[in-house]
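Bear in mind the structure is a predicted one, so any value in this text is a computation, not a measurement. Order of the sequence lines sets the chain letters (A, B, ...), proteins ahead of strands, with each chain counted from 1.
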Amino acid sequence: MLFRARRARALQEELAKKVVAEDCFEEAETVGGLDVSYKKGIGCAVLSVLKDGEPVKFLYTISKVPIPYVPGFLAFREVPLYIPLLKEEKPSVVLVDGHGIAHPRGLGVASHVGVVTGVPTIGVAKKRLVGEEGSCEYGKCLFKDGKVIAAILERGKRRIYVSVGHCVSLRTAVEIVKTLWKSRLPEPIRLSDSLSRRLIRQWSP
DNA sequence: GCGACAG
DNA sequence: ATCTTGTCGC
């Protein structure tokens, strides 16, 4: 299938206007984690749900992914897999593997899925996509047009980029991610990453 | 044209 | 992301 970059870009610019960078919830009673693993054109997405730091539910979906990966358009590949999961289960807030507003048009995969489902989301990426690095109230941050677009959290040699997805403030996003970051990735995403990887490996077709 | 480029 | 064995370190 051919990828329409022009239409995709127009949609991102439209949806970017709907992003809310303020908290839309009181307490993060449950925190979800979303990630996808692939194997020959097939993708397996997993939504892990944690309560008080402990996993209480896992949901997954497997289907063909005809959209190629193009930097800046990751959402068109992964959001279709995330939608059914968030339609069935709505955590207080969800950590998404990838950037939120720290994106060329302010609509990374975390913001995209948040806006179309209405679920509060936080972007957690392992690598920078856009922005210049500099110091800020969180230590280091990514700046774009002189504004903070992501906080850089560091643990030894490892670092993760935390950004507003939708319906959450950067301050709250950083606070939530910090309490759940115990190993390579924040717990909700780490669990979804390992489970989706296991499920897609055993997918025989 | 050259380098950068989430997963 | 995925392709892939051994290997260094706690």
(message) Could you go through A:L199 and A:Y60, starting from their C-alpha distance and side-chain angles, then the distance that decides it, and tell me whether this counts as side chain to side chain contact (heavy atoms under 4.5 Å, CB included)?
(response) CA-CA 9 Å; A:L199 292 172; A:Y60 75 93; 3.7 Å; yes
Within the 4.0 Å heavy-atom criterion, would you say [X] contacts the bases, only the backbone, or no part of the nucleic acid?
X      : result
A:G72  : base
A:Y38  : sugar-phosphate
A:F73  : base
A:V109 : base

Just N and O in the side chain of [X]: are any of them under 4.0 Å from OP1 or OP2 of [N]?
X      : N     : value
A:K126 : C:dA1 : yes
A:R197 : C:dA1 : yes
A:R77  : B:dG7 : no

(message) Is a donor from one side chain sitting under 3.5 angstrom from an acceptor on the other, for A:D23 and A:S169?
(response)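 There is such a pair (donor and acceptor under 3.5 Å, judged by atom type) between the side chains of A:D23 and A:S169.
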(message) I'd like to know if the side chain of A:Y38 pairs up with that of A:E78 as donor and acceptor (distance under 3.5 Å, no hydrogens or angles considered).
(response)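 Distance-only check passes for A:Y38 and A:E78.
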(request) Identify, with sequence neighbours excluded, every residue that meets disulfide bond (SG atoms under 2.5 Å apart) alongside A:C44. (result) none
Any salt bridge linking [X] with [Y]? Criterion: basic side-chain nitrogen under 4.0 Å from a carboxylate oxygen.
X      : Y      : answer
A:E133 : A:R128 : no
A:K144 : A:E132 : no
A:R159 : A:E154 : yes

Between [X] ([atom1]) and [N] ([atom2]), how many Å, whole number?
X      : N     : atom1 : atom2 : answer
A:Y69  : C:dA1 : OH    : P     : 10 Å
A:K144 : B:dC5 : NZ    : C1'   : 14 Å
A:R198 : C:dT2 : CZ    : C1'   : 19 Å
A:K39  : C:dC3 : NZ    : C1'   : 13 Å
A:H103 : B:dG7 : NE2   : C1'   : 12 Å
A:D193 : B:dG7 : CG    : P     : 11 Å
A:I152 : B:dA6 : CD1   : P     : 15 Å
A:H99  : B:dC5 : NE2   : C1'   : 10 Å

(message) Consider salt bridge (Lys or Arg N to Asp or Glu O under 4.0 Å). Of A:K126, A:R184, A:R190, which one does A:D97 pass it with?
(response) A:K126
(request) Return the stacking result for B:dA6 and A:Y161: yes when the ring centres lie under 5.5 Å apart and the planes under 30°, no otherwise. (result)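 According to the criterion (under 5.5 Å, under 30°), no, A:Y161 does not stack.
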(request) Return the set of residues passing side-chain contact (heavy atoms from CB on, under 4.5 Å) with A:A8 (not counting sequence neighbours), or none when no residue passes. (result) A:F3, A:F73, A:F76
(message) Tell me every residue that passes side-chain contact (heavy atoms from CB on, under 4.5 Å) with A:L129, counting only those two or more places apart in sequence or in another chain.
(response) A:H99, A:H103, A:P104
(message) I need the minimum non-hydrogen distance between A:A151 and A:C141, along with the two atoms involved.
(response)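 A:A151 and A:C141 have their closest heavy atoms at CA-SG, 3.8 Å.
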(request) Over all heavy atoms of both residues, which pair between A:E187 and A:S183 is shortest? Give the atoms and the distance, please. (result) OE1-OG, 4.1 Å
(request) Could you work out which one of B:dC5, C:dT2, B:dG7 sits closest to the side chain of A:S37? (result)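 Nearest nucleotide to the side chain: C:dT2.
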(request) Could you encode protein contacts along nucleotides 5-10 of chain C as a string, one character per nucleotide from 5' to 3', using B for base contact, S for sugar-phosphate-only contact and - for no contact, with a heavy-atom cut-off of under 4.0 Å? (result) ------
(request) Grab the stems for DNA chain C, please: at least three consecutive Watson-Crick or wobble pairs, both distances below 3.5 Å, written as range with range. (result)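 None - DNA chain C has no stem of 3 or more consecutive pairs.
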(request) Determine the stems involving DNA chain B; a stem requires 3 or more consecutive pairs of the Watson-Crick or G-U wobble kind, each with both distances below 3.5 Å, and the answer is none if no such run exists. (result) none
